[in-house]
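All remarks here apply to the structure that follows.
Numbers restart at 1 for each chain; the letters A, B, ... are given by sequence-line order, proteins then strands.
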Amino acid sequence: MSKILVTSALPYINGVPHLGHMVGCLLPSDVYARFMRMTGHEVLYIAGTDEHGTTSEVGALKAGMNVEDYCQMNHQRHRQTYHDFNLSFDCFGRTSSKQNREMTYEIFEALNKNGFIEERAVKQIWSNDDKMFLADRYITGTCPYCGYEKARGDQCENCTKVLEPTDLINAKSTISGSSNLEVKESKHLFLSLPKIEPKLKEWLKSKEAFWPDVAYSIAMKWLKEGLEPRCITRDLKWGFSVPKKGYEDKVFYVWFDAPIGYLGITKQWADEKPDERNFKDWWLTGDDVYYVQFMGKDNVPYHAITFPATLLGTGENYKKVDILKGFSYLTYEGGKFSKSENRGIFAEDAIKEFEADYWRYFLMSNIPESSDSSFSFDLFASVINKDLNGVLGNFVSRVLKMTASKFGNTIPAGGKTTELENTMLNTVQNHIDRYFKYMNALEFRKALSELRAIWVEGNNYITAAEPWTVIKEDENRAAAILRVCANLIRIFALLSAPITPQTAEKMLQAFSLNLGDADLKDFDVSKQIEFLKEGHSFEVGEPLFERISPERTLELKTKYGSTQP
RNA sequence: CGCGGGAUAGAGCAGCCCGGUAGCUCGUCAGGCUCAUAACCUGAAGGUCGUUGGUUCAAAUCCUUCUCCCGCAACCA
């Protein structure tokens with residue numbers, strides 16, 4: 001047994017999560033955490049809302065609320081959604097917590113003491129009407145190169161030229177629309193990445209063999225281009241005020257305190273039960289801890305460069321990431337998810353249409369691992385109907401119904417197993433071994449394909465054994481076959497539990513069992529196949545899943561703004 | 001010449017690192033079964049592996065040209 005620390009990139013509090021957010025870090029981290037718990041490891045699974053920054057301030061402004069209440073409200077909304085998707089966080093915290101404030105200050109002080117914090121003057125755009133400095137993104141105007149009227153302060157989307165906000169003609173604030181802007185100079189604190197670079201490079205090189213290609217190549221690209229000092233403060237109200245003389249009216253940049261949130265939220269978790277939980281065991285003295293981070297590819301630079309550099313710069317022995325798993329993006333019917341254009345399906349709505357396991361299974365089996373992948377309701381319906389209904393649900397149904405009608409509602413006695421069972425068990429064990437291997441290696445598509453192959457073996461077996469024919473001649477042999485099948489149901493439930501926990505519970509409940517402390521460690525199918533004995537009662541129950549009709553698919557497409565009717 | 005990822009049957013993907021008969025799932029077609037959810041099982045058809053040139057006895061795989069898609073480009077997070 002080892003200790004495994006799992007974190008998911010912290011979702012930003014302002015937006016409502018869509019399926020892309022779910023599949024890009026939250027869901028796979030949960031599947032991994034569940035799998036590791038079930039294979040006998042001590043797991044700490046941490047996530048939470050990332051709350052600071054301009055976007056929250058503007059969001060609160062537009063909602064007519066103060067930022068604290070606005071974040072509190074949205075935090076609850078996120079929390080509820082993830083609860084509905086059965087994400088099994090040990091702690092779902094907030095980057096605005098007092099624990100994170102302490103943590104951020106502690107790390108900042110260490111960096112400052114070690115000489116990795118420098119001061120620089122920065123020219124910024126001040127909006128007299130908004131009474132705030134505007135990030136480049138919040139300024140639009142006419143592009144001086146191509147005349148495009150909606151160019152942003154950092155870049156013109158039309159001609160792709162990189163701009164300074166001062167280049168724009170008729171520059172305006174996107175917040176108020178005001179053009180009453182001026183350039184002001186302001187002093188800010190920078191993290192001296194170049195000074196930390198040698199240590200960082202050494203650390204990063206040691207990860208080459210372990211990180212997925214996407215993550216490692218993105219990290220190396222940044223190093224190749226050379227690191228520059230990075231600004232870690234902002235002229236905002238919403239954030240942790242900077243504990244340094246002359247900077248009291250500024251706050252830390254959201255990207256400085258957000259990843260520190262992993263530590264802060266761990267403290268939050270430890271503070272709930274100080275007698276039995278300890279922050280240090282996981283983050284400071286945790287040489288026995290294996291740390292796996294999940295995130296979308298846009299997050300990789302921060303987790304591979306800035307955050308490790310921050311931790312290295314403290315000089316403390318903070319735990320740094322062992323495996324950084326980056327995902328590509330899920331697109332919607334070939335385009336982008338967009339709330340404003342009502343395109344795409346958002347997590348809150350998704351859960352109203354189908355319960356979590358439909359989404360969990362579909363998303364994990366189509367997770368954007370090697371490149372972007374596209375969500376479509378046609379694909380969704382086909383996967384749900386074929387895999388969950390046709391293969392898994394139907395197997396459970398045919399076995400339980402046949403057993404009940406021929407032998408009553410208890411597992412029948414008598415009969416012997418044959419070579420047929422041995423062959424089947426061998427095949428299943430091989431799939432299980434590969435399933436475990438891929439789950440450990442975070443190769444989710446391959447893992448899911450093995451899981452499906454395991455379910456398929458159930459149908460293969462019952463077809464080959466044909467108990468419905470055998471029973472006419474040899475009732476005992478038919479009993480033996482159905483006993484094996486009943487045990488397969490239990491085995492399928494245990495193996496599927498990390499992906500589809502609710503369904504696993506349902507399958508076990510049919511035998512009055514529950515998941516409880518179910519253990520997948522050293523899973524030996526030839527022993528497990530004898531777990532349920534003759535005389536064990538069961539209930540047939542309703543089908544595990546509902547089929548999705550072509551009409552329903554069309555309805556969903558229309559409702560959620562698909563471009564392909 | 002900014003950087004990275006991707007392009008393989010109608011659809012979604014694996015194979016590429018380490019060259020040796022192009023594979024999986026869905027869909028389609030045919031057959032089987034009748035325990036089960038229009039389900040399940042078996043078989044078949046379907047691909048000059050985005051493009052150009054090269055290395056090699058041999059290239060999806062290694063090198064090169066170009067095209068298209070996605071993301072990033074450090075002050076959105």
Output a table of nitrogen or oxygen pairs between the protein and nucleotides 9-16 of chain B separated by less than 3.5 Å.
from  : atom 1 : to       : atom 2 : distance (Å)
B:A14 : OP1    : A:Ser370 : OG     : 2.7
B:G15 : OP1    : A:Lys446 : NZ     : 3.3

**Presence of A:Arg230 side-chain N/O under 4.0 Å of B:C75 phosphate oxygens OP1/OP2** = yes

**Message:** Tell me whether the side-chain N/O atoms of A:Tyr253 come closer than 4.0 Å to OP1 or OP2 in B:A77.
**Reply:** yes

**Prompt:** So what does A:Gly390 touch, heavy atoms closer than 4.0 Å: a base, only the sugar-phosphate, or nothing?
**Reply:** sugar-phosphate

Which value, in whole Å, describes the distance between the [atom1] atoms of nucleotides [N] and [M]?
{"N": "B:U28", "M": "B:U56", "atom1": "P", "answer": "48 Å"}
{"N": "B:C69", "M": "B:U64", "atom1": "P", "answer": "23 Å"}
{"N": "B:G47", "M": "B:G12", "atom1": "C1'", "answer": "15 Å"}
{"N": "B:A44", "M": "B:A58", "atom1": "C1'", "answer": "30 Å"}
{"N": "B:A38", "M": "B:U21", "atom1": "P", "answer": "42 Å"}
{"N": "B:A45", "M": "B:G6", "atom1": "C1'", "answer": "29 Å"}

Side chain of [X]: nearest nucleotide among [options]?
{"X": "A:Asn460", "options": "B:U37, B:U42, B:C35", "answer": "B:U42"}
{"X": "A:Asn459", "options": "B:C35, B:G71, B:C41", "answer": "B:C41"}
{"X": "A:Thr54", "options": "B:U37, B:C35, B:A77", "answer": "B:A77"}
{"X": "A:Arg547", "options": "B:C41, B:A77, B:U37", "answer": "B:U37"}
{"X": "A:Asp50", "options": "B:A77, B:C35, B:A74", "answer": "B:A77"}

Identify each donor-acceptor pair in which a side-chain atom of residues 478-491 of chain A lies under 3.5 Å from a protein atom, sequence neighbours left out, and give them as a table.
from     : atom 1 : to       : atom 2 : distance (Å)
A:Arg483 : NH1    : A:Pro412 : O      : 2.9
A:Arg483 : NH1    : A:Gly414 : O      : 2.9
A:Arg483 : NH2    : A:Gly414 : O      : 3.1
A:Asn487 : OD1    : A:Phe531 : N      : 3.3
A:Asn487 : OD1    : A:Leu532 : N      : 2.8
A:Asn487 : ND2    : A:Arg483 : O      : 3.1
A:Asn487 : ND2    : A:Ile529 : O      : 3.0
A:Asn487 : ND2    : A:Leu532 : O      : 3.2
A:Arg490 : NH1    : A:Gln528 : OE1    : 3.0
A:Arg490 : NH2    : A:Gln528 : OE1    : 3.2

Can you check the [X] [atom1] to [N] [atom2] distance for me, whole Å?
{"X": "A:Glu57", "N": "B:C76", "atom1": "CD", "atom2": "C1'", "value": "13 Å"}
{"X": "A:Ile305", "N": "B:A74", "atom1": "CD1", "atom2": "C1'", "value": "11 Å"}
{"X": "A:Leu488", "N": "B:C40", "atom1": "CG", "atom2": "C1'", "value": "15 Å"}
{"X": "A:Ile454", "N": "B:U25", "atom1": "CD1", "atom2": "P", "value": "15 Å"}
{"X": "A:Tyr438", "N": "B:C24", "atom1": "OH", "atom2": "P", "value": "15 Å"}
{"X": "A:His18", "N": "B:A77", "atom1": "NE2", "atom2": "P", "value": "17 Å"}
{"X": "A:Asn394", "N": "B:U37", "atom1": "CG", "atom2": "P", "value": "7 Å"}
{"X": "A:Asn389", "N": "B:U37", "atom1": "CG", "atom2": "P", "value": "12 Å"}

**Request:** Say whether, by atom type as modelled, one donor and one acceptor occur between the side chain of A:Thr233 and the main chain of A:Leu189 under 3.5 angstrom.
**Result:** yes

**Prompt:** Does A:Trp238 use its side chain to pair, donor to acceptor, with the backbone of A:Glu51 at less than 3.5 Å?
**Reply:** yes

**Request:** Tell me, please, which residues at least two apart from A:Arg234 pass salt bridge (Lys or Arg N to Asp or Glu O under 4.0 Å).
**Result:** none

**Asked** Who pairs with A:Lys172 by salt bridge (Lys or Arg N to Asp or Glu O under 4.0 Å), at least two apart in sequence or on another chain?
**Response** none

Are [X] and [Y] ion-paired here, with the side-chain N under 4.0 Å from a carboxylate O?
{"X": "A:Glu369", "Y": "A:Lys325", "value": "yes"}
{"X": "A:Arg230", "Y": "A:Glu197", "value": "no"}
{"X": "A:Lys184", "Y": "A:Glu182", "value": "no"}

Every protein N/O lying under 3.5 Å from an N/O of nucleotides 26-30 of chain B:
from  : atom 1 : to       : atom 2 : distance (Å)
B:C26 : OP1    : A:Arg452 : NH2    : 3.1
B:C26 : O2'    : A:Ser382 : OG     : 3.1

**Item:** Pairing partner of B:A58 (Watson-Crick or G-U wobble, both distances under 3.5 Å)
**Value:** none

**Asked** Should B:U42 form a Watson-Crick or G-U wobble pair with both distances under 3.5 Å, which nucleotide is its partner?
**Response** B:A30

**Message:** Less than 6.0 angstrom separating the ring centers of A:His75 and A:His78, yes or no?
**Reply:** no

**Item:** Close approaches to RNA chain B from residues 469-487 of chain A, in residue order (heavy atom, under 4.0 Å)
**Value:** none

**Prompt:** Can you find a donor-acceptor pair, distance only, under 3.5 Å between A:Tyr302 side chain and B:A77 base?
**Reply:** yes

**Prompt:** Are a donor atom and an acceptor atom from the side chains of A:Glu421 and A:Tyr461 found within less than 3.5 Å of each other?
**Reply:** yes

**Asked** Taking atom types as modelled and ignoring hydrogens, do the side chains of A:Asp357 and A:Thr503 form a donor-acceptor contact shorter than 3.5 angstrom?
**Response** yes

**Prompt:** Taking the inter-plane angle between the rings of A:Tyr332 and A:Phe375 on a 0 to 90° scale, is it parallel (under 30°), tilted (30 to 60°) or perpendicular (over 60°)?
**Reply:** parallel

**Message:** Can you tell me how the ring of A:Phe92 sits relative to the ring of A:Tyr82, calling it parallel under 30°, perpendicular over 60° and tilted otherwise?
**Reply:** perpendicular

